[in-house]
S.K.: 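I'd like to ask some things about the structure below.
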Amino acid sequence: MILKFIITITGFFFWIVLLPVTIAYISFYVTYTHYTLPPITFCSTGIALSVSGLLISLWAVVSLIVLGKGTPIPMYGPQKLIISGPYRFCRNPMTLGLLLYYIGAGMIIYNLIAAILLIAIAIAHMIYDKYYEERELIHKFGDEYIHYKKITPFIVPKLLK
């Protein structure tokens, strides 16, 4: 249990802190620009998106742990199919949160290369979810997941449910 907790925290730290900061650093180095604060409306929108994304991702992680009896790490994945909490709105709320967080971070960082790289990583994550993780979930949960997949959108949430 402690190992699962450590791996989950490490993964969350990687996706939320280490990766965006590294990309920001590299993008400023590559473009030889000094950071300037973006316009206040741009920065405020970025902060709102980032905070929303973090909260959605955190809600999804907690749901995986509490309701699914697992973690976001595939080798310690959920033991039960989760169709409540954030998973009632879309099949991949963690990835939705990550996408919102990265878009917001790109706006806050105010560097086009960083924004493009962060969004590309989120898109790569969606491709992984769609073509690998969903296959694994069908294998693990069978018809129950297939039914859930038919009635629940992939990433863009169905807000009225």
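If you're wondering where the values come from, they're calculated on a predicted model, not measured in any experiment.
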S.K.: Between atom OG of Ser44 and atom CD1 of Ile108, what is the distance when rounded to the nearest 0.5 Å?
M.R.: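 Going from OG on Ser44 over to CD1 on Ile108, the span is 9.5 Å.
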S.K.: About how many Å separate CE of Met126 and CG of Leu99, when rounded to the nearest 0.5 Å?
M.R.: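 These two atoms lie 5.0 Å from each other.
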S.K.: For the atom pair OH (Tyr102) and OG (Ser50), what is the distance rounded to the nearest 0.5 Å?
M.R.: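 OG of Ser50 is found 10.5 Å from OH of Tyr102.
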S.K.: Is it possible for you to say whether Met107 and Leu112 belong to one hydrophobic cluster, with membership spreading through side-chain heavy-atom contacts below 4.5 Å?
M.R.: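 No: no chain of side-chain contacts under 4.5 Å links Met107 to Leu112.
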S.K.: If you compare all heavy atoms of Ile109 against all heavy atoms of Ala114, which two are closest, and at what distance to 0.1 Å?
M.R.: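 Here Ile109 and Ala114 meet closest at CG2-CB, 3.9 Å.
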S.K.: According to a hydrophobic-cluster definition based on side-chain heavy atoms being under 4.5 Å apart (Ile, Leu, Val, Met, Phe, Trp, Tyr only), do Leu118 and Ile116 belong together?
M.R.: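 Different hydrophobic clusters.
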S.K.: Check side-chain hydrogen bond (donor to acceptor under 3.5 Å, both in side chains) between Thr95 and all other residues, then give those that pass, not counting sequence neighbours.
M.R.: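 Result, side-chain hydrogen bond (donor to acceptor under 3.5 Å, both in side chains) vs Thr95: His125, Asp129.
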S.K.: Is it true that the NZ or CZ of Lys140 lies under 6.0 Å from the centre of Tyr145's six-membered ring and within 45 degrees of the ring axis?
M.R.: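 No, Lys140 and Tyr145 do not form such a contact.
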S.K.: For residues 10-25, run the donor-acceptor check on the side chains, cut-off 3.5 Å, and write out each pair with its distance to 0.1 Å, sequence neighbours left out.
M.R.:
{"unit_1": "Thr10", "atom_1": "OG1", "unit_2": "Ile6", "atom_2": "O", "d": "2.7"}
{"unit_1": "Thr22", "atom_1": "OG1", "unit_2": "Leu18", "atom_2": "O", "d": "2.7"}

S.K.: Which atom names give the shortest non-hydrogen contact between Leu64 and Pro72, and what distance separates them?
M.R.: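 Smallest interatomic distance, heavy atoms only, reads CD1-CA, 3.6 Å.
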S.K.: Only counting residues at least two apart or in another chain, list the ones meeting side-chain contact (heavy atoms from CB on, under 4.5 Å) with Lys69.
M.R.: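 Checked Lys69 against side-chain contact (heavy atoms from CB on, under 4.5 Å); matches are Gln79, Lys80.
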S.K.: What's the separation between atom CG in Leu67 and atom CD1 in Ile83, rounded to the nearest 0.5 Å?
M.R.: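 With rounding to 0.5 Å, CG (Leu67) is 10.5 Å from CD1 (Ile83).
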S.K.: Could you go through Ile103 and Ile119, starting from their C-alpha distance and side-chain angles, then the distance that decides it, and tell me whether this counts as side-chain contact (heavy atoms from CB on, under 4.5 Å)?
M.R.: CA-CA 6 Å; Ile103 290 170; Ile119 292 170; 4.0 Å; yes
S.K.: State, to 0.1 Å, how close Leu81 and Phe141 come at their nearest heavy-atom pair, and which atoms those are.
M.R.: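 Answer, listing the atom of Leu81 first, then Phe141: N-CE2, 3.4 Å.
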S.K.: Clusters formed by hydrophobic residues whose side-chain heavy atoms approach within less than 4.5 Å: which one holds Tyr128, and what are its other members?
M.R.: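 Tyr128 clusters with Tyr132.
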S.K.: Hey, are the side chains of Pro39 and Tyr110 touching, using non-hydrogen atoms and a 4.5 Å cut-off?
M.R.: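 They are in contact (side-chain heavy atoms under 4.5 Å apart), so the answer is yes.
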S.K.: Looking at residues at least two apart in the chain, or sitting in another chain, which of them share a salt bridge (Lys or Arg N to Asp or Glu O under 4.0 Å) with Lys149?
M.R.: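 Here the qualifying residues are Glu134.
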S.K.: If the condition is side-chain contact (heavy atoms from CB on, under 4.5 Å), which residues does Ala60 pass it with, not counting sequence neighbours?
M.R.: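 Ala60 satisfies side-chain contact (heavy atoms from CB on, under 4.5 Å) with Pro86, Tyr87, Pro93, Met94 once adjacent residues are dropped.
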S.K.: Once rounded to the nearest 0.5 Å, what's the spacing between atom CD1 of Ile151 and atom CZ of Arg91?
M.R.: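 One finds 10.5 Å between CD1 of Ile151 and CZ of Arg91.
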S.K.: Indicate the atoms forming the closest heavy-atom contact of Cys90 with Leu96, along with that distance.
M.R.: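 Cys90 and Leu96 have their closest heavy atoms at SG-CD2, 4.1 Å.
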S.K.: May I ask whether Leu100 and Ile127 are part of the same hydrophobic cluster, defined by side-chain heavy atoms of I, L, V, M, F, W, Y residues being less than 4.5 angstrom apart, directly or through others?
M.R.: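 Looking at the clustering, Ile127 is in the same group as Leu100.
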S.K.: Would a distance-only check, ignoring hydrogens and angles, find a side-chain to backbone donor-acceptor pair under 3.5 Å from Asn92 to Ile155?
M.R.: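 No, the answer is negative, given that no donor and acceptor are paired below the 3.5 Å cut-off.
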S.K.: Roughly how far, to the nearest 0.5 Å, is OG of Ser63 from CG of Leu58?
M.R.: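 Spacing of CG (Leu58) from OG (Ser63) equals 9.5 Å.
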